[in-house]
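Note on naming: letters A, B, ... go to the chains in the order of the sequence lines (proteins, then strands), and numbering restarts at 1 for each one.
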Amino acid sequence: MPELPEVETTLRGISPWLQDQTLRAVEVREPRLRWPVPEAVQGAVGARITGLRRRAKYLLLDTDAGGELLVHLGMSGSLRVVTDGAPPRKHDHFDLVTDRAVIRYNDPRRFGAFLWVTPPSETHELLRHLGPEPLGEAFDGEGLYTRSRGRRGAVKNFIMDGRVVVGVGNIYASEALFMAGIHPARAAGRVSLERYRSLAAAIREVLQRAIAQGGTTLRDYVNSDGAPGYFALDLQVYGRESKACFQCGAPVRQKVIGQRSSFYCARCQR
DNA sequence: AAATTCTCCTGAAGGC
DNA sequence: TGCCTTCAGGAGAATT
């Protein structure tokens, strides 16, 4: 399940292969993704890829053809670099072909997306309501505090809301809340400014650490099975139900909050 | 406005 | 061993 660190690592993995390259072909074998892949993606063929960036968990490939290719990995998607002419495998839904390599998209569950976006992309319906980047300067505890006043929903759901802050998925939400000592089910409006400051710092910390780990696996992008699913991050609570909390020894608990499995230590998190 | 539910899909895991 | 059932999960859309 690609979370922001996996998407960022994917970006870094494919960028050297696509930056300034001319797109020779876009081969779509299975257009049935989250939304049908539009014919318009062919508008990128013959164009030069002038830049690659990430916004939230969206990958944006800018071209000199007046549009951008948007790729979202959904929850089971991955991109890999193919240089040996290997034939497509099961669930390999589309290829970006350059003179140097084929960038191949694989996605068993087809929750991902591949679209053509016309600038300015910030106003595109998928991107216009997105909150600040957690690793950017616009994200801080004050913002979380202000936006959360009066909200009775769980703080975990609050930080997973893309309008509040982007890129905080289920795993890292649990991890960041543990780091900040905040109970995931606590009402968002009942968390103090000081604690939101720690939470914002924890979110940055956990994401940055995961990205750093991902950097060591970049070679896996070439002629491999694609990006690793989860980075071998030392998770403190996620997936550790009934195991001893690393901080106090109490059993880690698991509870469904907002239809999502959440892990926490009832003793360390209030 | 905010919160909740539903939806897409397949691989993995669990039950028998 | 193998078949059947259940479930997770990103995030937009629909609903309350």
Practice prompt. Respond yes when some side-chain nitrogen or oxygen of H72(A) is under 4.0 Å from OP1 or OP2 of dG12(C), and no when none is.
Written response: no
Discussion item. Whether E122(A) and R55(A) form a salt bridge (side-chain N of Lys/Arg under 4.0 Å from carboxylate O of Asp/Glu) is what I want to check.
Written reply: no
Worksheet item: So, does the side chain of R109(A) form a donor-acceptor pair with the base of dG10(C) at under 3.5 Å?
Response: no
Fill in: Pairwise distance CG(L144(A)) to OG(S148(A)) - rounded to 0.5 angstrom
7.0 Å
Item to complete: Check every strand shown and say whether L73(A) touches a base, only sugar-phosphate, or nothing at a heavy-atom separation below 4.0 Å.
Response: nothing
Worksheet item: Hey, are T63(A) and E68(A) close enough side-chain-wise for a donor-acceptor pair under 3.5 Å?
Response: no
Practice prompt. Using a cut-off of strictly less than 4.0 Å, decide whether Y58(A) has a side-chain nitrogen or oxygen near OP1 or OP2 of dG12(C).
Written response: yes
Discussion item. Can you confirm whether the side chains of S174(A) and R260(A) place a donor and an acceptor under 3.5 Å from each other?
Written reply: no
Worksheet item: K156(A) NZ to dA11(C) P: how many Å, rounded?
Response: 13 Å
Item to complete: With heavy atoms under 4.0 Å as the rule, sort R151(A) into base, sugar-phosphate or nothing.
Response: sugar-phosphate
Worksheet item: With a non-hydrogen cut-off below 4.0 angstrom, is R34(A) in contact with a base, only sugar-phosphate, or nothing?
Response: base
Response to the item:
Note: for R32(A) and G258(A) on DNA chain B, the residue whose nearest nucleotide lies more 5' is G258(A)
Worksheet item: Does the side-chain ring of F111(A) lie flat on the base of dA11(C), meaning centres under 5.5 Å and planes less than 30 degrees apart?
Response: no
